[in-house]
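Here is the structure we will look at.
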Amino acid sequence: KAGVTQTPRYLIKTRGQQVTLSCSPISGHRSVSWYQQTPGQGLQFLFEYFSETQRNKGNFPGRFSGRQFSNSRSEMNVSTLELGDSALYLCASSLNPGQRANYGYTFGSGTRLTVV
Amino acid sequence: GQNIDQPTEMTATEGAIVQINCTYQTSGFNGLFWYQQHAGEAPTFLSYNVLDGLEEKGRFSSFLSRSKGYSYLLLKELQMKDSASYLCAVSRAGTALIFGKGTTLSVSS
């Protein structure tokens with residue numbers, strides 16, 4: 001079965017712009033989580049969606065937002081980009097939030113965002 | 001809050017055994033995961049521990065002590081392809097996985 005698909009793989013944006021990243025989870029998976037990965041901070045949790053509802057949110061400013069569609073695909077948006085937003089953005093899917101406890105997440109390959 | 005600590009870097013030689021430690025402080029503990037991440041790639045699931053003790057999977061084993069807030073990942077018969085980052089992640093009921101900053105393991109010949 002297809003894995004977790006994230007698009008685009010690479011993105012270069014200018015400060016002040018906004019960006020939208022997309023994630024398609026494994027077929028049948030209904031829970032999607034987003035993480036930001038940087039060399040200094042590791043993986044930091046952004047938000048988690050299940051059945052189109054945001055279940056959990058990390059400690060990121062309001063410029064970071066997301067949503068999930070009825071087909072479980074998810075998007076995250078970052079507005080007014082800053083240089084510090086340059087990172088690898090990873091999406092992870094699981095069957096449902098309870099299932100992750102046993103089987104963990106399946107990660108996508110990520111979107112590498114560079115802000116110049 | 002919660003805190004997850006693991007060493008930043010480790011080095012080892014082919015054929016050796018290496019132990020990567022992870023300590024955590026959290027409430028509502030619901031299990032601990034280890035992931036492997038090669039440079040430029042997605043993290044991949046290695047192991048999950050929810051009860052105390054050792055879980056063995058081939059060359060990789062993971063140990064958990066809930067009372068001590070401590071886990072380790074043991075890699076035996078190291079191979080060059082084991083050079084990667086190893087991520088410790090804690091699961092809490094009702095929340096997403098929280099990750100440590102990762103341990104970069106370099107295996108040399």
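Lettering follows sequence order; numbering is per chain, from 1.
Both B:I4 and B:Y86 belong to a common hydrophobic cluster when Ile, Leu, Val, Met, Phe, Trp and Tyr are linked at side-chain heavy-atom distances under 4.5 angstrom. There is a path of hydrophobic side-chain contacts, each under 4.5 Å, that joins B:L51 to B:F45. In the hydrophobic clustering of ILVMFWY residues, with side-chain heavy atoms under 4.5 Å counting as a link, A:Y10 and A:M76 come out apart.
With rounding to the nearest 0.5 Å, the separation of CG in A:L88 from CD in B:Q37 is 7.0 Å.
Closest approach of B:A96 and A:S33 over heavy atoms only: CB-OG, 4.4 Å.
Within the 4.5 angstrom heavy-atom criterion, only side-chain atoms of A:Y35, from C-beta onward, approach chain B. Interface residue A:Q37: only side-chain heavy atoms are found under 4.5 Å from chain B.
For the pair B:L97 and A:F45, the minimum side-chain heavy-atom distance is 4.5 Å or more. Under the 4.5 Å side-chain criterion, counting only non-hydrogen atoms from C-beta, B:Y35 is not in contact with A:L43. For the pair B:P43 and A:L90, the minimum side-chain heavy-atom distance is below 4.5 Å.
A 6.0 Å sphere centred on CZ of A:R63 holds more than 12 heavy atoms belonging to other residues, nucleotides or ligands. In the displayed structure, B:E14 atom CD is contacted under 6.0 Å by more than 12 heavy atoms of other residues, nucleotides or ligands. The environment of CD1 in A:I12 is sparse: at most 12 heavy-atom neighbours from other residues, nucleotides or ligands sit within 6.0 Å.
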